[in-house]
2 protein chains.
Amino acid sequence: MTEKLTLNMNAYLPLRDVVFNTLREAILKGELKPGERLMELQLAARLGVSRTPIREAIRMLELEGLAVTVPRKGAQVAKMTEKDMEDVLQIRQTLDELAVKLACDKITEQQLRLLKGAVRDFEESTRSRDVKKVAQADVAFHDAIYRAADNPKLMNLLNNLREQMYRYRVEYLKDETAYPTLIAEHREIYEGLVRRDKETVAAAMVKHVMNQEIVVKNMIREQE
Amino acid sequence: MTEKLTLNMNAYLPLRDVVFNTLREAILKGELKPGERLMELQLAARLGVSRTPIREAIRMLELEGLAVTVPRKGAQVAKMTEKDMEDVLQIRQTLDELAVKLACDKITEQQLRLLKGAVRDFEESTRSRDVKKVAQADVAFHDAIYRAADNPKLMNLLNNLREQMYRYRVEYLKDETAYPTLIAEHREIYEGLVRRDKETVAAAMVKHVMNQEIVVKNMIREQE
DNA sequence: CTCCTGTATTTTGTATACATTGTATGACGT
DNA sequence: ACGTCATACAATGTATACAAAATACAGGAG
């Protein structure tokens, strides 16, 4: 915990947002571990700002599910049990299915081309052996679908759900033997969207998320 | 807008939570109208607290989707277009279906008895001609199902989605001609759960939410 | 009359000071 | 030795002061 969090001041944003992003990143990357206390004074000193933006950032983390606060005792990084993970994945599966069904109806030709690009980018990224890149490409693929679904609230929710399991997802993507499956599933989803075949894409997406679920759950179990 | 918001200080809660609840109520009840600015100094003066808890409450409202803030310009009550409403209802429908399916597998005998009570309470409340009571009874019915689904994250999400359309829901429940349909649907869902017949309950729930959707959308159109 | 500009005012952003509560430590009595 | 209470310290809760930005408006130039 002694590593120094540093603010990315480039953006011209209120400090609360900069702090929020910084803390979120730190939590998702595992630099701030589940259960670790988030003490205002300490964070303020570390990040070189006052307590006010820290407090507001914590309120935001709280509602994102990344932190929990007990009144008069302060905040700590949210813990995630296997049950929590299952619960999140269940919701994600359902909403991902909805998203891809909606996309089936609404996706435009241009968005299909972008999606095709995302599929290709993902394939290429897996050859780079750079997990960070793979994760980014995967996010891009799913984002393209979310955007096509044309439901901003749904997109928000799904991004949030994804975020909540980011820590485990990165571990998951380190398993290179899973890449061929992932690539095949992406292709299947893409092609289903081209044919606008709802049943196919829905089934493919459910399978896709389910595969993640199995691997992520194994991973959690191994961690203990 | 000149009505005086007053804090319910009874509870032993941080002021930010009291303020948050107060503002949320005010927004949901329509006392604070969509688009209305939420000025910190003004709210602080009105509620008799300082700006700090107001600011933190606004950050919380923001992530609940009840307020939107533009940096350096401040916050305002979130507006909801018909499209927004459709988007929310689409998500709600999907998640309500998931919840009731999960409940089908997991509901206990005791929870079934509670649900039966909720069905009966709802029927009785419709005879009282007290919209507030009817709304409460409806919430209780759905909450019983959410609890049975045994997925706290899902329950949170659904409560939040419900909240986002509370304003319109209350209007919706003023239409007494809809009561018999609602009662019948509740019964259908309850009986499906007793028989643990997933297909039936899922279909019934989808129909139930869809009916709401139609009425609420008509309502919005009329408002213009 | 319109548009620009500069200033005054309002409002948010940030920092800090003070108050209150939670927690740990240690003395004291049993 | 154990428990209880008092006190000290640390962290959060709240209020206020100051800074910076956005807005409104008035006055002047074209």
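Each chain gets a letter, A, B and so on, in the order its sequence line appears, and its residues count up from 1. As the structure is a prediction and not an experimental result, all values here were calculated from the model.
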Which two nucleotides bound the region of DNA chain D that has atoms under 4.0 Å from heavy atoms of chain A, read 5' to 3'? D:dA11 to D:dA21

Which residue pairs pass the salt bridge (charged side-chain N to carboxylate O under 4.0 Å, His left out) test when at least one of the two sits in residues 88-100 of chain B, sequence neighbours left out? B:Arg92-B:Asp96, B:Glu97-B:Lys101

Would you mind listing every ring-ring contact (aromatic ring centres under 6.0 Å, His included) that reaches into residues 106-126 of chain B, with sequence neighbours excluded? B:Phe122-B:His186

Name all residues meeting the salt bridge (Lys or Arg N to Asp or Glu O under 4.0 Å) criterion together with A:Lys29; count only those two or more places apart in sequence or in a different chain, and write none if there are none. A:Glu25

Please enumerate all protein N or O atoms sitting under 3.5 Å from an N or O of nucleotides 10-13 of chain C, with distances to 0.1 Å.
unit_1, atom_1, unit_2, atom_2, d
C:dT12, OP2, B:Glu40, N, 3.2
C:dG13, OP1, A:Arg16, NH2, 3.1
C:dG13, OP1, B:Arg72, N, 3.2
C:dG13, OP2, A:Arg16, NH1, 3.3
C:dG13, OP2, B:Arg55, NH1, 3.2
C:dG13, OP2, B:Arg55, NH2, 3.4
C:dG13, O4', B:Arg72, NH1, 3.3
C:dG13, O4', B:Arg72, NH2, 3.4
C:dG13, N7, B:Arg51, NH2, 2.9
C:dG13, O6, B:Arg51, NH1, 2.9

Please list all pairs meeting salt bridge (charged side-chain N to carboxylate O under 4.0 Å, His left out) that have one or both residues in residues 135-148 of chain A, counting only residues at least two apart or in different chains. A:Asp138-A:Arg169, A:Asp143-A:Arg162

Side-chain donor-acceptor pair present, A:Lys106, A:Gln111, cut-off under 3.5 Å: no

Evaluate whether atom NZ of B:Lys133 has more than 12 neighbouring non-hydrogen atoms of other residues, nucleotides or ligands under 6.0 angstrom away. no

Check step by step if salt bridge (charged side-chain N to carboxylate O under 4.0 Å, His left out) holds for B:Arg24 and B:Glu163. CA-CA 9 Å; B:Arg24 183 176 59 182; B:Glu163 206 163 73; 3.3 Å; yes

